[in-house]
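Everything below concerns the one structure shown next.
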Amino acid sequence: MAHVVSAARRVLLQKEAFLSSLERLGMYTAYGSTCKVVGASIGAHVRHSLDHYDRLLDTILKGEPSAMVRYDVRERGSDVETDLNAGLDAVIACSIKMSKITPKELELPLRVEFNLTNEADSAQAFESCALRELWFVAHHSIHHQAMMKLIAHCHEDTEQLAKALPKEFGVAPATIIHNDACAGDADVGAPEERDSDFGTLAPRRPRQRGGASKQATRMLREDQAEAGAQGDAGREQQHKQGKKQSKMVTKVVVLGGGYAGTATAQALDKAGGVEITLVDRRKGQLHKMGALRSAVDDSWGSKTIVGREKTIKNGRFVQASIEQVSADQVTLDNGESLSFDFLVLATGAQNNSPAEPGTTALSKDAMVQHFAASREAIKKAKNIVIIGGGVVGVELAGEIKSVHRDTDVTIIHSNNEFISSSKPSLGAKFQRKLKKQLDAKGIKYVLGEKANVSREEFGDACFLEGARTITTSSGKEVQADLVFLAVGSTPNTQAFPAEWLNGSGLVQVEPTLQVKGAPKVFALGDIVDVEENKLGYFAAAVQAPLVAKNILALKKNPGAKLKKYKAHDKPFMMVPLGTLGGVSNIGGMFVAGGFLTKMIKGKNLFLKMSYDLNRAKMPK
């Protein structure tokens, strides 16, 4: 009995030591990052294995004979999966539960329920006992610790940790015994003599027959006294004190709460040891990838506006505009001045399209009104002209035709190819497929000609109402009663020092995404001078984790070697045409048509991405 309890406790202690090593090495991001090889993260395996411990220990501590243990009841999506500190807290809490179990409770008969298949009615119950189930959860956890070790080897930034892991971590006791025997280790000694934080998982003592009950009870009590509740409480207090101190060590200010800024802030927030101030002029994040649908489809009116109430745990969100930025301070329009250890610039770009509510629409109500105004104008129109055949113009035409199929829609674009600013070019096959779908949907287009309409006519608005004739540079005439402007964008960098910017107003960055001449300032997203398509997905999924890792590396070691960002040099673009089709160039490997584009992006426009970034619940 004591042997099983000791082994189960050692598995938890190993897990705690492993996570403490992650914390010591500053590997916060790696903890919650999904490994492509395994398809899960270290945090996911921690959560899963602790779920089994917790289900069993909670049932045992109730002390009810024949109580049911339901291992398939999981805490999926909890902070334990993504937050290293939460994972450590959960392991220590589980150890405390272990210390409360008495020998008598381990003799309790239990019933265990599993789902045997993925069918809804496949659950089966079995007779068991507390001691046998404790043996099961310990061995179950060992195998998940093996997966954690594999993930550690897969992550570049955990190479130091992976090399430090002893061979016993995540290895079954029987395998260790076998390997020792094969190595001719005749004098291995008692496990206590060779245990370390990652040592042997189960004592290797000869089995005894008869008269062992008293000895087992004594050993169990000694084991609990040696590493019991008092020790667990001490480790918990020490961990919490260390965590509390580390949270205030580094101040990071993130300017801009779009995809890039929010993803960076959340990555740092999950890592811990960082106090974050996220600044944005809008109270809620606008999901720009879906904003055109909000401007056309009534059912999407407010879906693309995501609240920030739960975005930051270790810090705060400030709704304000930026007045001035320097290498050591940020001044906001609310009168507040922010000092920092590191600054992240992710202020994005501004345009006059219906997807962009403008500089004065800062509240949720104002953004909802902006989209409602566009929808009402579209409903009344019979002939719509869209000036600009980039991503916004093409997607807007598709959204309109998906909802208002009898409305006449014409795109006027100055280049002979759609989305002509793409770097690199999307290719001839992409153009052919796109034109074929536009033709099939009845969307007209005039390419290689400019519309004789000035931006000044629009002012701050994104559309002009009223019957008019649009004349092109060649003299063609197109009738319209609603005109949308969908050309160009301006980086929001006006408050930054001039020496940080190039001639186009973009922030000049090093390959590490540090601002040139300002090593404690990072920039990413639409505002950087990186030659590539500015895509929100890449900013959030690639650039933001890199910036977070570099900040954490500098936090730990000012002379650390930083990761470098490699611009994507393959054509990548997904252009849905409403919910009915679209065209995608998937990294230059192939060009996908309507069905694949619709299923991957067009159906929901990656809406869940923004809700996940803000820890918010998706609307139905």
Side-chain angles (χ1 to χ4, degrees), residues 252-266 269 276-292 294-295 302-312 315-326 329-340 343-374 392 459-462 488-497 500-501 505-507 521-528 534 536 539-540 544 610-611 613-614 616:
V252 178
V253 173
V254 180
L255 301 181
Y259 301 118
T262 305
T264 305
Q266 195 186 82
D269 194 36
I276 300 161
T277 303
L278 175 62
V279 179
D280 194 273
R281 67 189 180 203
R282 293 190 176 118
K283 188 174 183 179
Q285 182 187 342
L286 174 63
H287 180 66
K288 287 192 176 183
M289 281 186 268
L292 286 172
S294 290
S302 60
K303 280 185 180 180
T304 51
I305 305 166
V306 187
R308 304 185 197 267
E309 292 81 6
K310 299 180 180 179
T311 306
I312 302 299
R316 62 185 179 126
F317 168 72
V318 178
Q319 184 184 0
S321 293
I322 306 159
E323 285 199 343
Q324 189 174 15
V325 176
S326 70
Q329 186 170 276
V330 173
T331 304
L332 305 179
D333 68 347
N334 62 3
E336 190 173 358
S337 293
L338 304 175
S339 60
F340 52 80
L343 176 64
V344 178
L345 309 177
T347 46
Q350 185 79 24
N351 59 53
N352 275 31
S353 82
E356 177 58 68
T359 57
T360 58
L362 305 181
S363 67
K364 180 176 180 178
D365 287 344
M367 287 189 279
V368 169
Q369 291 172 10
H370 165 86
F371 293 134
S374 291
V392 173
D460 292 331
C462 65
S489 61
T490 304
N492 294 317
T493 57
Q494 296 83 0
F496 301 162
W500 291 0
L501 309 179
L506 297 172
V507 180
V521 182
F522 291 80
L524 68 163
D526 290 346
I527 62 171
V528 296
K534 301 296 195 298
S610 286
Y611 281 86
L613 284 176
N614 291 281

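Keep in mind that what you see is a predicted model, and the values were worked out from it rather than measured. The chain is numbered in sequence order, starting from 1.
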Self-check item: Closest contact, heavy atoms only, A349 versus E356
Solution: O-OE1, 4.1 Å
Exercise. For residues P357 and L286, determine if any side-chain heavy atom of one lies less than 4.5 Å from a side-chain heavy atom of the other.
Key: yes
Quiz prompt | Set of salt bridge (charged side-chain N to carboxylate O under 4.0 Å, His left out) partners for E336, sequence neighbours left out | solution = R316
Practice problem: Go through the structure and list residues passing salt bridge (charged side-chain N to carboxylate O under 4.0 Å, His left out) with D269, not counting sequence neighbours. | Solution: R615
Self-check item: Side-chain donor or acceptor of R308 paired with backbone N/O of G284 under 3.5 Å
Solution: yes
Practice problem: Output all residues satisfying side-chain hydrogen bond (donor to acceptor under 3.5 Å, both in side chains) with N492, sequence neighbours left out; order by chain, then residue number. | Solution: none
Exercise. Over all heavy atoms of both residues, which pair between G459 and N352 is shortest? Give the atoms and the distance, please.
Key: O-ND2, 3.2 Å
Practice problem: Compare every heavy atom of A361 with every heavy atom of M367, then report the nearest pair and how far apart it is. | Solution: CG-O, 3.7 Å
Practice problem: Identify the two heavy atoms, one from A523 and one from I527, that lie closest to each other, and give their separation to 0.1 Å. | Solution: CB-CD1, 4.4 Å
Self-check item: S302 side chain to V368 backbone, donor-acceptor under 3.5 Å
Solution: no
Self-check item: From CG (D526) to CD (Q350), nearest 0.5 Å
Solution: 11.0 Å
Quiz item: CG/L332 to OG/S337 distance, rounded to the nearest 0.5 angstrom?
Solution: 7.5 Å
Quiz item: Can you list the residues that meet the side-chain hydrogen bond (donor to acceptor under 3.5 Å, both in side chains) rule with S353, with sequence neighbours excluded?
Solution: N351
Quiz item: Where do A539 and L524 come nearest, in terms of heavy atoms and distance?
Solution: O-CD1, 4.1 Å
Quiz item: Measuring from T304:OG1 to Q285:CD, what's the distance to the nearest 0.5 Å?
Solution: 10.5 Å
Quiz item: Taking C-beta and beyond as the side chain, do L362 and Q319 meet within less than 4.5 Å on heavy atoms?
Solution: yes
Show every donor-acceptor pair shorter than 3.5 Å between a side-chain atom in residues 254-264 and any protein atom, with sequence neighbours excluded, or say none if there are none.
| residue | atom | partner | partner atom | Å |
| --- | --- | --- | --- | --- |
| Y259 | OH | H287 | ND1 | 3.1 |
| Y259 | OH | K288 | N | 2.9 |
| Y259 | OH | M289 | N | 2.9 |
| T262 | OG1 | G257 | O | 2.9 |
| T262 | OG1 | G258 | O | 2.8 |
| T264 | OG1 | A260 | O | 2.8 |

Exercise. Could you note down all residue pairs passing side chain to side chain donor-acceptor pair (under 3.5 Å) where residues 360-371 supplies at least one of them, sequence neighbours left out?
Key: none
Quiz item: Would you call V279 and L338 a side-chain contact if the rule is heavy atoms closer than 4.5 Å?
Solution: yes
Quiz prompt | Pairwise side-chain contact, L506 with T493, heavy-atom cut-off 4.5 Å (strictly under) | solution = no
Self-check item: Heavy-atom closest contact (V507 atom, F496 atom, distance)
Solution: CG2-CD1, 3.9 Å
Self-check item: Residues that T331 engages under side-chain hydrogen bond (donor to acceptor under 3.5 Å, both in side chains), provided they are two or more places apart
Solution: none
Quiz item: What distance do R282 atom CZ and I305 atom CD1 have between them, rounded to the nearest 0.5 Å?
Solution: 9.0 Å
Self-check item: Any residue meeting side-chain hydrogen bond (donor to acceptor under 3.5 Å, both in side chains) with T311, in chain and number order, not counting sequence neighbours
Solution: N614
Quiz item: Taking only residues two or more places apart in sequence, or in another chain, which ones meet Y611 in a side-chain contact (heavy atoms from CB on, under 4.5 Å)?
Solution: V306, L607, A616, M618, P619
